[in-house]
Participant: 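Mind having a look at this structure? Questions to follow.
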2 protein chains.
Amino acid sequence: MTISRKAEYGLRAMVILAASPPEKPMQIQELSELGGIPAKFLEQILLVLRRGGLLRSKRGVGGGYQLGKAAREISIGEIVALVDGGLCALAAHAAADDQEFTGARGLRDALSEIDALVNARLNAVTLDDIVLRDSPDAMLAFGI
Amino acid sequence: MTISRKAEYGLRAMVILAASPPEKPMQIQELSELGGIPAKFLEQILLVLRRGGLLRSKRGVGGGYQLGKAAREISIGEIVALVDGGLCALAAHAAADDQEFTGARGLRDALSEIDALVNARLNAVTLDDIVLRDSPDAMLAFGI
DNA sequence: GCGAATCCGACCAGATCGGTCGGGAATTGT
DNA sequence: ACAATTCCCGACCGATCTGGTCGGATTCGC
């Protein structure tokens, strides 16, 4: 029921990239140090993020990673979905086997409703939102 | 990111109990058959539910399980929290190690906000809501 | 005391988690 | 051409978690 460390690492890396000047690629090593993420582990995470189109990469000297889309067009939902292998459904089991007891449908409905809620929220928050929210002077805009 | 089968089983059992006449205890065997749950597995789930005060049990002939509180006073949040061992925090890792990179706080905030949202929802839905929602003629009351 | 039922600890196979390792392939600088 | 740099990628690995099962101890009603 907790977010996986893998997804958390992926989020960190993406947030760091979103907060950096977008033209200069950042290497795994630097990303690893800034985010406190084991470098070789981060490597495979970035790989799936790239395959999913959320990152672009460049090899050789001066290479590294950049965002594949604008920061405002990447939601944290996309990121965790990619990294955690697509499955992000609270009601997975309940929906799969259609066991029929009194209250079964009510249970399924209640769970999938909550599931839809969290997914909607996850897909609504973008990297842009996060870096904006992080700078204290932007807080006023959010009314926090 | 998916709800555990254990929690799902716990929910099923509780819903079944909530939908049954509350005075007569129901045995593991019957609960197991109605819910399609392996009996011995269900046994340990019911045990922690009882230790948590959500169930009362009676031993010997004519024994079994009954709800420990009124169905309207048991939320599905309580159930999954007990069965899945208490931890139900989306932002667990992010909060634990306070790694400091640009955007760290924004990320923590965003995650814990969503976490709070799903928890609030989980704690708001009661067993009563679920069994009510299950009977089709009650749908109108919900505007579904 | 007998049978029905819960209680409870031990065990277990397989999957997942959180990484590590080592090398290959592409790109750039000299 | 060659070396340095950087990503690419498959294999592996120990620890923990998942989803159970088993066997027996305990308690209750009769």
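In what follows, every chain begins at residue 1, and chains take the letters A, B, ... in the order their sequences are listed.
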Participant: Have a look at A/Arg51 and say if it touches a base, only the backbone sugar-phosphate, or nothing, with a 4.0 Å heavy-atom cut-off.
Facilitator: sugar-phosphate

Participant: Could you tell me whether the side chain of B/Glu30 and the main chain of B/Gln27 form a donor-acceptor pair under 3.5 Å?
Facilitator: no

Participant: Would you kindly give the CD-to-C1' distance between A/Glu8 and C/dG19, to the nearest whole Å?
Facilitator: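 To the nearest whole Å, that distance equals 16 Å.
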
Participant: Using every non-hydrogen atom in the two residues, find where A/Gly36 and A/Tyr9 come nearest and quote the distance to one decimal.
Facilitator: O-CE2, 4.4 Å

Participant: Calculate the interatomic distance between B/Lys58 atom NZ and D/dG29 atom C1'; express it in whole Å.
Facilitator: 9 Å

Participant: Toward the 5' end of DNA chain C, which comes first, A/Gly62 or A/Tyr9, by nearest nucleotide?
Facilitator: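 The residue closer to the strand's 5' end, by nearest nucleotide, is A/Tyr9.
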
Participant: When the distance from NZ of A/Lys24 to P of D/dT6 is rounded to whole Å, what number comes out?
Facilitator: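 About 12 Å, once rounded to whole Å.
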
Participant: Side-chain N or O of A/Ser4 less than 4.0 angstrom from OP1 or OP2 on C/dT16?
Facilitator: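 No, outside the criterion.
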
Participant: With respect to the side chain of B/Arg59, which nucleotide from D/dC8, D/dG19, D/dT26 is positioned closest?
Facilitator: D/dT26

Participant: Round to a whole Å and report the spacing from CD1 of B/Ile28 to C1' of D/dT26.
Facilitator: 14 Å

Participant: Please find the pair of heavy atoms, one from A/Ile79 and one from A/Leu54, that lie closest to each other, and give the distance.
Facilitator: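 Scanning both residues completely, I find the closest heavy atoms to be CG1-CD2, 3.9 Å.
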
Participant: What's the closest nucleotide to the side chain of A/Arg50 if the choices are D/dC9, C/dG19, D/dT6?
Facilitator: D/dC9

Participant: What's the closest nucleotide to the side chain of B/Pro38 if the choices are D/dT21, D/dG29, D/dC8?
Facilitator: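 Shortest atom-to-atom distance from the side chain points to D/dT21.
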
Participant: Starting at CZ of A/Arg56 and ending at P of D/dC8, how long is that distance when rounded to a whole Å?
Facilitator: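 After rounding, the gap between these two atoms is 13 Å.
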
Participant: Please classify the nucleic acid contact of B/Glu43 as base, sugar-phosphate, or nothing, using heavy-atom distances under 4.0 Å.
Facilitator: base

Participant: Heavy atoms from C-beta onward define the side chain here; which of C/dC7, D/dC7, C/dG19 lies closest to that of A/Tyr65?
Facilitator: D/dC7

Participant: Given D/dG23, D/dG19, D/dC7, identify the nucleotide with an atom nearest to the side chain of B/Lys40.
Facilitator: D/dG23

Participant: Answer yes or no: is there a donor N or O on one side and an acceptor on the other, between the side chain of B/Asn123 and the main chain of B/Ala120, under 3.5 Å?
Facilitator: no

Participant: Nearest whole Å is fine: how far is D/dA15 C1' from A/Phe41 CZ?
Facilitator: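 Going from CZ in A/Phe41 over to C1' in D/dA15 covers 14 Å.
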
Participant: Between D/dT21, C/dC8, C/dA5, which one does the side chain of B/Gln44 approach most closely?
Facilitator: D/dT21

Participant: Rounding to a whole Å, what distance do you find between A/Leu47:CG and C/dA25:C1'?
Facilitator: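 A/Leu47 atom CG is separated from C/dA25 atom C1' by 13 Å.
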
Participant: When you check the phosphate oxygens OP1 and OP2 of D/dT6, does a side-chain N or O of A/Ser57 lie under 4.0 Å from one of them?
Facilitator: no

Participant: Starting at CG of B/Leu46 and ending at P of C/dC7, how long is that distance when rounded to a whole Å?
Facilitator: 8 Å

Participant: Looking at A/Tyr65, is its backbone amide N or carbonyl O close enough to the side chain of A/Ser57 to form a donor-acceptor pair, meaning the two atoms are under 3.5 Å apart?
Facilitator: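 Pair absent, no side-chain N/O of A/Ser57 close to backbone of A/Tyr65.
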
Participant: Judged by each residue's nearest nucleotide on DNA chain C, which is more toward the 5′ side, A/Val61 or A/Lys6?
Facilitator: A/Lys6

